[in-house]
Amino acid sequence: MQRYQDVLAEILIDSETLQARVKELGTQISADYPEGELLLICILRGGVPFMVDLSRHITTPHMMDFMAVSSYGVGARTSTGSARVTLDLQTDIRDKNVLLIEDIVDSGYTIASVLSMLETRQPKTLRVCTLLDKPERREAHVPINYLGFTIPNKFVFGYGLDLDEYYRNLPFVGVVDLNKYKPSA
Ligand code: IMP
Ligand code: MG
């Protein structure tokens, strides 16, 4: 796999800006959920760094759980329109305040499917917190309750977002130069 420097077109959101916004979101969430059973649900795998950092700024006592959904064909970078749960929750969400944590809402199909699936389990409240929003690509309507940044229609990586599963560890969000990227066989 290439080094990230060789596929990076530009840094879109630097680490300091990300961390400052994540702290603001955590403060806002803490104020909005002063008490009650709060459960953060991280959508694997892209939501991991965001949820970990966000959680440290949420003063409301809360639990964490994880779920995985696949909405993309193997090797594809565009959504297929339907999402399949590949790893379900370990927690019963009935009567809990549930906050879904996502890296990015793109077409919206992933979150829309997860929301309709989780609604049937009768949580007390169900809201969406996403680090990034790419509204130009939206096809399914998704209510976003907490948003980090709105970004243009570019393929980005870092801070949880991957390019063929790599680069999720980068502390910033960068734009990929797809002309320089050479997928390994
Ligand atoms: P949606 O179902 O089209 O909203 O897709 C959401 C998922 O697509 C996200 O959870 C990401 O995993 C992935 N995704 C969408 N845009 C990007 C991007 O620019 N870089 C990396 N992953 C992306
Ligand atoms: Mg992904």
Side-chain angles (χ1 to χ4, degrees), residues 1-2 4 6-15 17-18 21-22 25 40-54 64-89 98-119 126-184:
M1 184 51 78
Q2 294 163 280
Y4 82 80
D6 297 330
V7 295
L8 178 69
E10 56 167 325
I11 292 181
L12 191 63
I13 310 169
D14 66 30
S15 173
T17 308
L18 277 173
R21 183 70 187 127
V22 170
L25 288 173
L40 307 185
I41 296 181
C42 177
I43 312 290
L44 295 174
R45 299 191 264 278
V48 170
F50 179 40
M51 184 174 89
V52 169
D53 287 347
L54 181 66
M64 297 178 189
D65 203 349
F66 300 84
M67 66 186 295
V69 196
S70 109
S71 65
Y72 281 16
V74 176
R77 284 184 213 105
T78 51
S79 206
T80 56
S82 60
R84 191 168 50 92
V85 174
T86 53
L87 177 75
D88 206 341
L89 301 171
V98 172
L99 185 55
L100 280 179
I101 313 290
E102 248 291 36
D103 53 356
I104 185 167
V105 181
D106 188 29
S107 72
Y109 285 126
T110 305
I111 283 293
S113 321
V114 169
L115 283 174
S116 59
M117 203 257 299
L118 294 182
E119 283 288 2
L126 180 56
R127 292 186 189 160
V128 174
C129 175
T130 182
L131 179 72
L132 306 176
D133 179 20
K134 243 191 237 180
E136 286 169 53
R137 300 243 317 156
R138 194 63 35 78
E139 289 180 36
H141 172 73
V142 174
I144 297 177
N145 304 96
Y146 301 96
L147 169 64
F149 303 89
T150 300
I151 65 164
N153 183 13
K154 292 178 176 174
F155 198 82
V156 293
F157 68 161
Y159 202 68
L161 294 116
D162 70 298
L163 177 58
D164 293 342
E165 293 302 327
Y166 280 82
Y167 313 120
R168 295 188 195 273
N169 61 305
L170 301 176
F172 55 81
V173 172
V175 177
V176 177
D177 185 338
L178 287 169
N179 294 317
K180 292 186 190 159
Y181 176 53
K182 302 177 191 69
S184 41

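Ligands are counted one by one from 1 in listed order, and the atoms in each one are counted from 1 as well.
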Need the ligand 1 atom indices (1-based, order shown) with element for anything under 4.0 Å from a heavy-atom of [X].
| X | value |
| --- | --- |
| Thr110 | 1 (P), 2 (O), 5 (O), 6 (C) |
| Leu161 | 20 (N), 21 (C), 22 (N) |
| Asp162 | 21 (C) |
| Lys154 | 19 (O) |
| Phe155 | 17 (C), 18 (C), 19 (O), 20 (N), 21 (C), 22 (N) |
| Lys134 | 16 (N), 17 (C), 18 (C), 19 (O) |

- prompt: How does Asp103 reach ligand 1, if at all, at less than 4.0 Å between non-hydrogen atoms: by side chain, backbone, both, or neither?
  reply: side chain
query: For ligand 1, which part of Glu102 has a heavy atom less than 4.0 Å away: the side chain, the backbone, both, or neither?
result: side chain
Over all heavy atoms of both residues, which pair between [X] and [Y] is shortest? Give the atoms and the distance, please.
| X | Y | result |
| --- | --- | --- |
| Pro183 | Asp164 | CB-OD2, 4.3 Å |
| Leu18 | Pro171 | CD1-O, 3.3 Å |
| Asp65 | Met51 | O-CE, 4.5 Å |
| Gln2 | Tyr167 | O-OH, 2.7 Å |

query: If you measure from each heavy atom of Gly108 to ligand 1, is any distance below 4.0 Å?
result: yes
- request: Return a yes/no value for Ile111: is any of its N or O atoms, backbone included, closer than 3.5 angstrom to an N or O of ligand 1?
  value: no
- prompt: Phe157 to ligand 1: N or O pair under 3.5 Å?
  reply: no
field: Residue of the set Tyr166, Phe157, Phe172 for which ring-ring contact (aromatic ring centres under 6.0 Å, His included) holds with Tyr4
entry: Phe172
task: Give a yes or no on whether the backbone of Met1 and the side-chain of Ser184 come within a donor-acceptor separation of less than 3.5 Å.
output: no
Under 3.5 Å, which donor-acceptor pairs do the side chains of residues 142-149 form with other protein atoms, sequence neighbours left out?
from   : atom 1 : to     : atom 2 : distance (Å)
Asn145 : OD1    : Val128 : N      : 2.8
Tyr146 : OH     : Asp32  : OD2    : 2.6
Tyr146 : OH     : Arg127 : NH1    : 3.1

- line: Hits for salt bridge (charged side-chain N to carboxylate O under 4.0 Å, His left out) against Asp6, two or more places apart or cross-chain, chain-then-number order -> none
